[in-house]
Participant: 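Following this message is one structure expressed as structure tokens.
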Amino acid sequence: MDRTLALEFVRVTEAAALRSGRLMGRGLKDDADQLAVDAMRQTFDTVPISGTVVIGEGEIDEAPMLYIGEHVGAGGEAVDIAVDPIEGTNLIAKGQNGAIAVLAIAPKGGLLHAPDMYMQKLCVGPRAKGVIDLNASVTENLRRVAEKMERGIDDLTVVMLDRERHQDIMKECREAGARIRLITDGDVNPAMECGLEGSGIHMVIGTGGAPEGVLAAAALKCTGGDMQARLLPETDEEVRRCHAMGITDLNKVLTIDDLVHGEDVIFAATAITEGNILSGIKYFAGGARTESVVMRYRTGTVRFVDTIHRLDRKLKSMKAR
């Protein structure tokens with residue numbers, strides 16, 4: 001993909017964040033999500049790509065925009081797109097940390113078309129690449145990561161969703177001596193942070209959404225991190241979807257290269273509320289300030305984009321047309 005597209009994709013996540021961020025803390029998660037979807041969809045129309053949404057807001061009968069299979073873009077290179085206009089709708093509704101607007105782009109066929117089901121995930125940064133094993137115990141994985149990173153297990157910080165289903169993982173992490181950070185929603189953001197040196201996050205583990213797993217894998221692939229995953233279908237329909245994807249062995253461990261194929265992927269995210277790495281949106285009279293990150297696997301580049309938006313000028317320009 002043309003490297004100049006990277007900033008175009010940042011514009012897409014910025015638009016979603018700016019539009020939805022006005023509803024932070026107002027308890028309107030569905031309204032905020034719709035604003036983000038509208039803004040993201042409209043901005044895609046200005047980007048010179050011929051994109052197909054492979055991970056989005058749902059099936060065509062479930063979402064009016066950014067549905068799976070929808071074609072977006074102003075025309076250009078054919079790409080597959082994974083989007084989450086707001087990762088953490090509960091977070092923005094409550095004004096809590098960690099909400100982001102996020103997307104990943106790859107050439108056609110470059111992203112696993114993950115169905116909307118649960119996925120078991122294990123994520124680490126580049127300094128622990130190559131040592132994780134989803135089939136091994138949590139304790140063994142902690143031991144391997146600590147050894148590879150040349151530190152003790154008690155120096156590691158593990159992030160997981162605060163869910164009843166993770167009680168056994170929490171117990172094992174605690175008994176091994178690792179520090180734990182529990183989050184209420186949104187596991188793409190900590191997975192992204194896991195791949196960035198100095199974030200203080202060394203592992204993300206547990207069960208969450210499969211579509212979010214692909215977005216996490218895109219970020220980790222760009223930063224040189226590592227991830228393993230396993231789809232966890234719970235119904236006959238979900239099993240059928242796995243088979244349709246060619247996954248007949250439901251115990252199959254998916255590697256990061258199974259989740260994101262090839263040599264080219266771009267990941268972009270803009271913070272809506274405060275994050276560990278990215279600061280949330282700051283509004284002021286006539287404008288706003290955003291912080292974003294954009295990564296490209298082909299070059300290994302990670303760029304942080306600090307943007308001041310003159311929204312009053314943009315409004316005047318639109319009225320003048």
Side-chain angles (χ1 to χ4, degrees), residues 10 12-40 55-58 63 66 82-104 116 118-119 121 123 157-166 170 180-196 199-201 203-220 267-283 288-294 304-305 307:
V10 171
V12 175
T13 57
E14 285 177 341
L18 284 166
R19 190 83 63 87
S20 61
R22 291 287 188 186
L23 295 186
M24 185 187 80
R26 294 176 59 185
L28 302 171
K29 71 172 188 176
D30 292 336
D31 292 355
D33 190 51
Q34 189 59 59
L35 288 173
V37 169
D38 292 346
M40 187 172 273
I55 291 175
E57 290 294 283
L66 297 180
V83 301
D84 197 344
I86 300 180
E87 205 242 349
T89 53
N90 286 323
L91 299 176
I92 190 172
K94 297 176 181 179
Q96 295 176 336
N97 292 357
I100 58 173
V102 59
L103 60 80
D116 190 8
Y118 278 125
M119 174 184 277
K121 310 170 193 178
C123 310
T157 298
V158 180
V159 175
M160 68 187 77
L161 288 164
D162 188 4
R163 300 289 188 270
E164 185 66 30
R165 62 180 179 267
H166 291 155
M170 291 180 206
I180 297 176
R181 181 180 297 173
L182 297 176
I183 56 174
T184 60
D185 296 278
D187 58 0
V188 176
N189 198 9
M192 171 193 76
E193 294 172 345
C194 185
L196 297 173
S199 70
I201 296 173
M203 180 184 289
V204 178
I205 192 169
T207 301
E212 290 82 1
V214 175
L215 285 163
L220 287 164
F267 175 93
T270 299
I272 304 173
T273 60
E274 285 299 311
N276 190 36
I277 295 289
L278 300 175
S279 292
I281 301 172
K282 309 293 190 301
Y283 292 99
R289 184 172 184 170
T290 58
E291 288 194 7
S292 306
V293 64
V294 60
F304 292 93
V305 183
T307 309

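The structure displayed is predicted, hence computed values, not measured ones.
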Participant: Please list, chain by chain and in numerical order, all residues satisfying side chain to side chain donor-acceptor pair (under 3.5 Å) with S279, sequence neighbours excluded.
Facilitator: none

Participant: Can you sort out the partners of A271 under side chain to side chain contact (heavy atoms under 4.5 Å, CB included), two or more places apart, ordered by chain and number?
Facilitator: L278

Participant: Identify, with sequence neighbours excluded, every residue that meets salt bridge (charged side-chain N to carboxylate O under 4.0 Å, His left out) alongside R289.
Facilitator: D306

Participant: Would you say H166 and L161 make side-chain contact, with heavy atoms under 4.5 Å?
Facilitator: yes

Participant: According to side chain to side chain contact (heavy atoms under 4.5 Å, CB included), who are the partners of L23, at least two apart in sequence or on a separate chain?
Facilitator: R26, L28, D31, A32, L35

Participant: To the nearest 0.5 angstrom, please state how far the CG atom of L66 sits from the CE atom of M40.
Facilitator: 7.0 Å

Participant: For residues A16 and P85, report the shortest heavy-atom separation together with the two atoms involved.
Facilitator: CB-O, 4.0 Å

Participant: Has S199 got a side-chain atom pairing as donor or acceptor with E193's backbone, closer than 3.5 angstrom?
Facilitator: yes

Participant: Considering non-hydrogen atoms only, spot the tightest contact between A39 and A15 and give its length.
Facilitator: CB-O, 3.4 Å

Participant: Quick one: salt bridge (charged side-chain N to carboxylate O under 4.0 Å, His left out) partners of R163, sequence neighbours excluded?
Facilitator: D185

Participant: Please find the pair of heavy atoms, one from Y283 and one from A288, that lie closest to each other, and give the distance.
Facilitator: CD2-CB, 3.7 Å

Participant: The criterion is side chain to side chain contact (heavy atoms under 4.5 Å, CB included); which residues satisfy it with A269, sequence neighbours excluded?
Facilitator: I100, V102, M192, F267, V293

Participant: Which atoms form the tightest heavy-atom contact between E291 and I277, and what is the distance?
Facilitator: OE1-O, 4.1 Å

Participant: Could you tell me which residues satisfy side chain to side chain contact (heavy atoms under 4.5 Å, CB included) with D162, sequence neighbours excluded, listed by chain and number?
Facilitator: M170, L182

Participant: Sorted by first residue and then second, give each salt bridge (charged side-chain N to carboxylate O under 4.0 Å, His left out) pair with at least one member in residues 84-102; sequence neighbours left out.
Facilitator: none

Participant: Tell me every residue that passes side chain to side chain donor-acceptor pair (under 3.5 Å) with D38, counting only those two or more places apart in sequence or in another chain.
Facilitator: Q34

Participant: Measure the spacing between CD1 of I86 and OG1 of T13 and express it to the nearest 0.5 Å.
Facilitator: 12.5 Å

Participant: Suppose the criterion is salt bridge (charged side-chain N to carboxylate O under 4.0 Å, His left out): which pairs have a residue in residues 271-283, not counting sequence neighbours?
Facilitator: E274-K282

Participant: Quick check for you: to the nearest 0.5 Å, what is the distance between R22 atom CZ and I92 atom CD1?
Facilitator: 12.0 Å

Participant: How would you list, by chain and number, every residue that makes a side chain to side chain donor-acceptor pair (under 3.5 Å) with T273, sequence neighbours excluded?
Facilitator: none

Participant: So, taking the atom named CD1 in I281 and the one named OG in S20, what distance separates them when rounded to the nearest 0.5 Å?
Facilitator: 6.0 Å

Participant: Determine, stepwise, if the pair D187 / M119 fulfils side chain to side chain contact (heavy atoms under 4.5 Å, CB included).
Facilitator: CA-CA 12 Å; D187 58 0; M119 174 184 277; over 6 Å; no

Participant: Begin with the C-alpha distance, continue with both residues' side-chain angles, and end with the deciding distance and a verdict on side chain to side chain contact (heavy atoms under 4.5 Å, CB included) for L91 and T184.
Facilitator: CA-CA 8 Å; L91 299 176; T184 60; 3.4 Å; yes

Participant: Identify, with sequence neighbours excluded, every residue that meets side chain to side chain donor-acceptor pair (under 3.5 Å) alongside E14.
Facilitator: T307

Participant: Considering non-hydrogen atoms only, spot the tightest contact between V159 and P190 and give its length.
Facilitator: CG1-CB, 3.8 Å

Participant: If you round to the nearest 0.5 Å, how far is CG of L215 from CG of L220?
Facilitator: 11.0 Å

Participant: Start with the C-alpha distance between Y118 and R165, add both sets of side-chain angles, then the distance that settles side chain to side chain contact (heavy atoms under 4.5 Å, CB included), and finish with yes or no.
Facilitator: CA-CA 12 Å; Y118 278 125; R165 62 180 179 267; 3.7 Å; yes

